[in-house]
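Step one of this worksheet: look at the structure below.
Side chains are part of it too, since the values below use all heavy atoms of this structure and drop only hydrogens, waters and symmetry mates. Throughout, protein chains are lettered first and strands after them, A, B, ... in sequence-line order, and every chain is numbered starting at 1.
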There are 2 protein chains.
Amino acid sequence: MKLFDNLQTKKIPKGTILLSKGDSCRSVYKVIKGCLKSYVIDKSGKEHILHFASEDWIMTDMDSFMNNKPSNIFIDAIEDSEVAFLTSSNYNDISQLDHGDLLEQNKKLVNNLITTNKRLINLLSATAEERYMDFIETYPTLIQRLPLKLIASYLGMTPEYLSDVRRKLAQK
Amino acid sequence: MKLFDNLQTKKIPKGTILLSKGDSCRSVYKVIKGCLKSYVIDKSGKEHILHFASEDWIMTDMDSFMNNKPSNIFIDAIEDSEVAFLTSSNYNDISQLDHGDLLEQNKKLVNNLITTNKRLINLLSATAEERYMDFIETYPTLIQRLPLKLIASYLGMTPEYLSDVRRKLAQK
DNA sequence: GTGATTTCTTAAGATACCTTAATTTTTATC
DNA sequence: GATAAAAATTAAGGTATCTTAAGAAATCAC
């Protein structure tokens, strides 16, 4: 049994909120078409994007999903999307996964960790300009597809400042 | 077979460099005693701490270890330490892990991801003061044990600024 | 226990990035 | 295709955090 095969799918119009802070996250979404974002809202009301998920990517709040806690994050569709989803109940079938499937799961988790760690390194050690250039290299398709203000949020800067960064880069 | 049982251990004096940028990381360390740090050095020569690992924590460069790439990070002992270590060759025995072991591995990876994601949220959305207070809550033992300048680096600020933050907190 | 090293603090000036607000450009709607 | 809405840019002034440098406090080495 493969975790994401033969799942139900549903269409999600742009702007739909799939998970709100305080909710318990009962699904793991796999994006078939479109794009989702996860984000937090800080004390002063500002939104900070944690992850994007476009085609074939997975999106969930792991902490909430695995540990049955209220979530601290939001998940929205930023394009008209279609998602396959795993619910808590069919996730419990994980114990029925065979050895090869578990190894595959393991590998995906490791890759996810590697990616998240790179993001961390980037936030800690790179300037706004470097982070933007790195994003362009790493996600060339997303940059064409998403509004810059969402990318700015993902990169940890304001849209206005990203605009400055882009202008300075263009002048070079 | 449990991954970290019955492994060799070795003593590592404070200051020892276990992994340097450019090296291929051939070990996963489990700290028996003492403390390690992993860090990057940015373009201007500044050090940014990625992780600490004290007793029972695991330390490695996953990207380098799993994908046999040259590493971008350093790993040093910041106290006289003792570590158990898994090498690439005995890691390949992972295919001999039984179902329960793999599930356990999976769970550890998930927990690691959850922790790293919290760190990310923190860096994106919290002020220096909030990050410091969060660190005290999350790692009360480390704060007593490690020099503040290392904690400042981990929190993404300079030691001088952390000192300011602490003074302002003390005045309240 | 004394000198040497490392850590921590303080303070002044600098800078990366933010805020607000207005304008322009692009995209969506009917 | 005109109008409305959303996104992107620009600019001025502000703030959080950094840099440099120096001194005080704590820790280490013998």
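Of the candidate nucleotides dT7(C), dT9(C), dA8(D), dA8(D) has the atom lying nearest to any side-chain atom of Pro147(A).
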| request: Go through the steps for Leu19(B) and Met59(B) under the test side-chain contact (heavy atoms from CB on, under 4.5 Å), then give the verdict. | output: CA-CA 11 Å; Leu19(B) 177 71; Met59(B) 175 70 87; over 6 Å; no

| request: Evaluate side-chain contact (heavy atoms from CB on, under 4.5 Å) for Val83(A) paired with Leu36(A), printing each intermediate quantity in order. | output: CA-CA 10 Å; Val83(A) 301; Leu36(A) 312 179; 4.3 Å; yes

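Applying the side-chain hydrogen bond (donor to acceptor under 3.5 Å, both in side chains) test between Ser71(B) and each of Asp63(B), Asp61(B), Thr60(B) identifies Asp61(B) as the sole match. Only one option out of Lys14(B), Lys37(B), Arg145(B), Lys33(B) pairs with Glu79(B) in a salt bridge (charged side-chain N to carboxylate O under 4.0 Å, His left out); it is Arg145(B).
A cation-pi arrangement, defined by a distance under 6.0 Å to the six-membered ring centre and an angle within 45 degrees of its axis, is present between Lys10(B) and Phe85(B).
As rounded to whole Å, 17 Å separates atom P of dT6(C) from atom CD of Glu79(B). Rounded to whole angstrom, the span from the CZ atom of Arg166(B) across to the P atom of dA16(D) amounts to 20 Å. Atom NZ in Lys168(B) sits roughly 16 Å away from atom C1' in dC8(C) (whole-Å rounding). The distance between atom CD1 of Ile78(A) and atom P of dA6(D), rounded to the nearest whole Å, is 16 Å. Rounded to an integer number of Å, the gap from CG of Leu148(B) to C1' of dA26(D) is 12 Å. Atom pair Gln144(B):CD and dA26(D):C1' shows a separation of 16 Å (rounding to whole Å applied). Regarding Leu146(A), its CG atom lies at a distance of 16 Å from the C1' atom of dT26(C), rounded to whole Å. In this structure, NZ of Lys149(B) is placed 20 Å from P of dA24(D), rounded to the nearest angstrom.
The backbone N or O of Ser88(B) sits nowhere less than 3.5 Å from a side-chain atom of Arg26(B) that would complete a donor-acceptor pair. With hydrogens and angles ignored, the 3.5 Å screen pairs a side-chain donor or acceptor of Glu55(A) with a backbone N or O of Gly34(A). Of the possible donor and acceptor atoms, one in the side chain of Arg119(A) sits under 3.5 Å from a partner among the backbone N and O of Leu50(A).
Take Thr138(B) and apply the side chain to side chain contact (heavy atoms under 4.5 Å, CB included) test, not counting sequence neighbours, and it matches Asp134(B).
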| nucleotides 11-23 of chain C: protein proximity per nucleotide (B base, S sugar-phosphate only, - neither; heavy atom, under 4.0 Å) | S----SBSBBB--

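Remark on the helix from dG1(C)-dC30(D) to dC30(C)-dG1(D): inter-end axis angle 70°, axes from five-pair C1' superpositions, rounded to 10°.
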